[in-house]
Amino acid sequence: MNTHGPWGTSGPHPPLLGRPARGRNPLRRRTDRVQSWFTVLFLLVLVLGLPMAAISAGNAAYASQMRVVHDQAMARHQITARLAESPPGGPGQSEATDLRMAKVDWTGDDGARHTGVATVPGGADAGAEVRVWVGPDGDLAQPPASPSTARTMGWFTGMLTAAAVAAAAFAGRARVRQVLDRRRYARWDAEWKVVEPAWSGRNRR
């Protein structure tokens, strides 16, 4: 019994005329290679680019906020003012640590009398002395920002940058995949139009 196939081998498959070069697959399309390159780039962005961008943005935000902290600390200072009225809720009815807005008055560096609304302890009574912040113009101001605020801003900016870089990388990868799939489908349609008539026998007479 002849067990040789139509190609003179012992099996039904054609002989291997040669092994493909290492790393080169004859069935691998150009779009597959492009997709592999973009996958490597995508991983590099996530592994290297994302941490670098997050750290750089976080440090920049922290440094910028620290300049604000320094400038406000230099421009603002505390003075002693007197409560012109008791905080809302009545005198002695709030905890001392409960901050409320109340009207205060103080004497400026020019000797003039000033009034304004400041944040004061809730348990203070009218006529009590309180410490308030004023700006370079002598008007009431908010307390200067603290270094902890700068650190919080740095961390927030870094995490937001990391999320933005990751989102952009995933969106770019999805877009590349979509474009390559369209090219694959178009090529398959073109090849099918050539192969299908002969394969289905529609051209036979």
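The residues of the chain are indexed from 1 along the displayed sequence.
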* With sequence neighbours excluded, what pairs up with H77 under the ring pair (Phe, Tyr, Trp, His ring centres under 6.0 Å) test? ->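 If we apply the ring pair (Phe, Tyr, Trp, His ring centres under 6.0 Å) test to H77, skipping adjacent residues, there are no hits.
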* For F42, enumerate each residue passing the ring pair (Phe, Tyr, Trp, His ring centres under 6.0 Å) test, keeping only those at least two apart in sequence or located in another chain. =>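 So F42 forms a ring pair (Phe, Tyr, Trp, His ring centres under 6.0 Å) with F170.
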Considering all heavy atoms, the nearest [X]-[Y] contact:
X	Y	result
T161	A53	CG2-O, 3.6 Å
A118	V104	CB-CG2, 4.0 Å
A81	W106	CB-CB, 3.9 Å

* Residues two or more places apart in sequence or in another chain: which of them pass side-chain contact (heavy atoms from CB on, under 4.5 Å) with M101? ->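 In terms of side-chain contact (heavy atoms from CB on, under 4.5 Å), with neighbours along the sequence ignored, M101 is linked to V117, T119.
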Only distances under 3.5 Å count here; give the side-chain donor-acceptor pairs of residues 55-69 to other protein atoms, sequence neighbours excluded, each with its distance to 0.1 Å.
residue	atom	partner	partner atom	Å
S56	OG	M52	O	2.8
N59	ND2	I55	O	3.3

* In one Ile/Leu/Val/Met/Phe/Trp/Tyr side-chain cluster, 4.5 Å: V47, V40 ->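 Same hydrophobic cluster.
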* Can you pull the salt bridge (Lys or Arg N to Asp or Glu O under 4.0 Å) pairs that have at least one residue in residues 151-170, sequence neighbours excluded? ->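 Non-adjacent pairs meeting salt bridge (Lys or Arg N to Asp or Glu O under 4.0 Å): zero.
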Side-chain atoms of residues 129-150: list all donor-acceptor pairs with protein atoms under 3.5 Å, sequence neighbours left out, distances to 0.1 Å.
residue	atom	partner	partner atom	Å
E129	OE2	R82	NH2	3.4
R131	NH1	T80	OG1	2.8
D137	OD1	D139	N	3.1
S146	OG	S148	OG	2.8
S146	OG	T149	OG1	3.3

